J.: 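Mind having a look at this structure? Questions to follow.
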Amino acid sequence: MGTKNWTTLCVIASFMNEKGECYPKQSSIANGLGVSRQTANKYIQKLLDYRWEGRPVVIAKKGRAKGGTFDNTRYTVLPVSRLEISNHVNND
């Protein structure tokens, strides 16, 4: 998977709900990665192209807001990624 894909996946996953869906702004992803928006877009595209055992780990769908303008992209972190939200509380 490589460092860039893993880091990008973790940043996107940090925004996801229990269904694996999230709608972060590109600037939020870039901030989480510590890179420019343009560089973040390159990282995101590489992650979207990446396949684990022939399957994507993240998919993206651009939505349209009222008036036909593009809304935030909806990312879905798929189960093959093995990432999930944890409600575990550490009582140590």
Side-chain angles (χ1 to χ4, degrees):
M1 170 175 263
T3 304
K4 287 179 186 175
N5 278 341
W6 174 249
T7 305
T8 306
L9 175 61
C10 289
V11 168
I12 291 172
S14 71
F15 295 97
M16 73 182 187
N17 62 20
E18 61 280 344
K19 295 178 187 176
E21 301 170 334
C22 57
Y23 305 84
K25 294 179 182 180
Q26 289 176 341
S27 59
S28 297
I29 296 171
N31 187 49
L33 291 168
V35 299
S36 70
R37 232 181 89 225
Q38 293 81 3
T39 300
N41 288 337
K42 291 177 187 176
Y43 287 12
I44 293 164
Q45 191 56 55
K46 282 188 155 230
L47 178 62
L48 294 173
D49 292 340
Y50 177 77
R51 299 291 180 267
W52 175 257
E53 297 179 349
R55 298 181 290 173
V57 293
V58 175
I59 56 173
K61 182 173 181 171
K62 281 198 177 267
R64 290 218 181 242
K66 291 181 181 178
T69 60
F70 280 109
D71 203 356
N72 286 2
T73 300
R74 180 183 74 196
Y75 297 94
T76 304
V77 178
L78 300 172
V80 69
S81 73
R82 307 261 182 194
L83 293 177
E84 60 184 43
I85 291 179
S86 173
N87 292 324
H88 176 74
V89 176
N90 187 352
N91 291 321
D92 292 339

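Hydrogens, waters and symmetry mates are skipped; everything else that's a heavy atom, side chains included, is used. Just so it is clear, the model here is predicted, and its values are computed rather than measured.
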J.: Should Tyr23 and Val11 be regarded as members of a common hydrophobic cluster, given that ILVMFWY residues are connected when their side-chain heavy atoms come within less than 4.5 Å of each other, either directly or indirectly?
T.: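 No: no chain of side-chain contacts under 4.5 Å links Tyr23 to Val11.
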J.: Using every non-hydrogen atom in the two residues, find where Phe15 and Cys22 come nearest and quote the distance to one decimal.
T.: O-CB, 3.3 Å
J.: Residues two or more places apart in sequence or in another chain: which of them pass side-chain hydrogen bond (donor to acceptor under 3.5 Å, both in side chains) with Ser27?
T.: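 None.
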J.: Check Tyr43 against Asn5 and note the closest heavy-atom contact, atom names and distance.
T.: O-OD1, 4.3 Å
J.: Report the residues that fulfil side-chain hydrogen bond (donor to acceptor under 3.5 Å, both in side chains) with Asn41, sequence neighbours left out, ordered by chain and then residue number.
T.: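 Once residues adjacent in sequence are excluded, the partners of Asn41 under the side-chain hydrogen bond (donor to acceptor under 3.5 Å, both in side chains) criterion are Gln26.
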J.: Test: side chain to side chain donor-acceptor pair (under 3.5 Å). Region: residues 44-57. Which pairs qualify, not counting sequence neighbours?
T.: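 Found Gln45-Asp49.
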J.: Output the distance between atom OG1 (Thr7) and atom CE (Met1), rounded to the nearest 0.5 Å.
T.: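 It is 10.0 Å, given to the nearest 0.5 Å.
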J.: Given 3.5 Å as the limit, does a donor-acceptor pair link the side chain of Thr8 with the main chain of Lys4, or not?
T.: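 The answer is yes, because a donor-acceptor pair under 3.5 Å joins these two groups.
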J.: If you group Ile, Leu, Val, Met, Phe, Trp and Tyr by side-chain heavy-atom gaps below 4.5 Å, do Trp6 and Ile12 land in one group?
T.: yes
J.: Could you pull out all residues at least two apart from Ser36 that satisfy side chain to side chain contact (heavy atoms under 4.5 Å, CB included)?
T.: Gln38, Thr39
J.: Mind checking side chain to side chain contact (heavy atoms under 4.5 Å, CB included) for Ser81 and listing every partner two or more places apart, or none if nothing turns up?
T.: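 Side chain to side chain contact (heavy atoms under 4.5 Å, CB included) list for Ser81, sorted by chain: Leu9, Val57, Val77, Leu83.
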J.: For Ile59, which residues count as a side chain to side chain contact (heavy atoms under 4.5 Å, CB included) partner, sequence neighbours excluded?
T.: Pro56, Thr76, Leu78
J.: Checking Asn17 now: which residues fulfil side chain to side chain contact (heavy atoms under 4.5 Å, CB included) with it, not counting sequence neighbours?
T.: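 For Asn17 the side chain to side chain contact (heavy atoms under 4.5 Å, CB included) partners, ignoring immediate neighbours, are Lys19, Glu21.
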J.: Of the non-hydrogen atoms in Val35 and Ala40, which two are nearest, and what is the gap between them?
T.: CG2-N, 3.7 Å
J.: Could you report the tightest heavy-atom contact between Thr73 and Ala60, atom names first, then the distance?
T.: CG2-CB, 3.6 Å
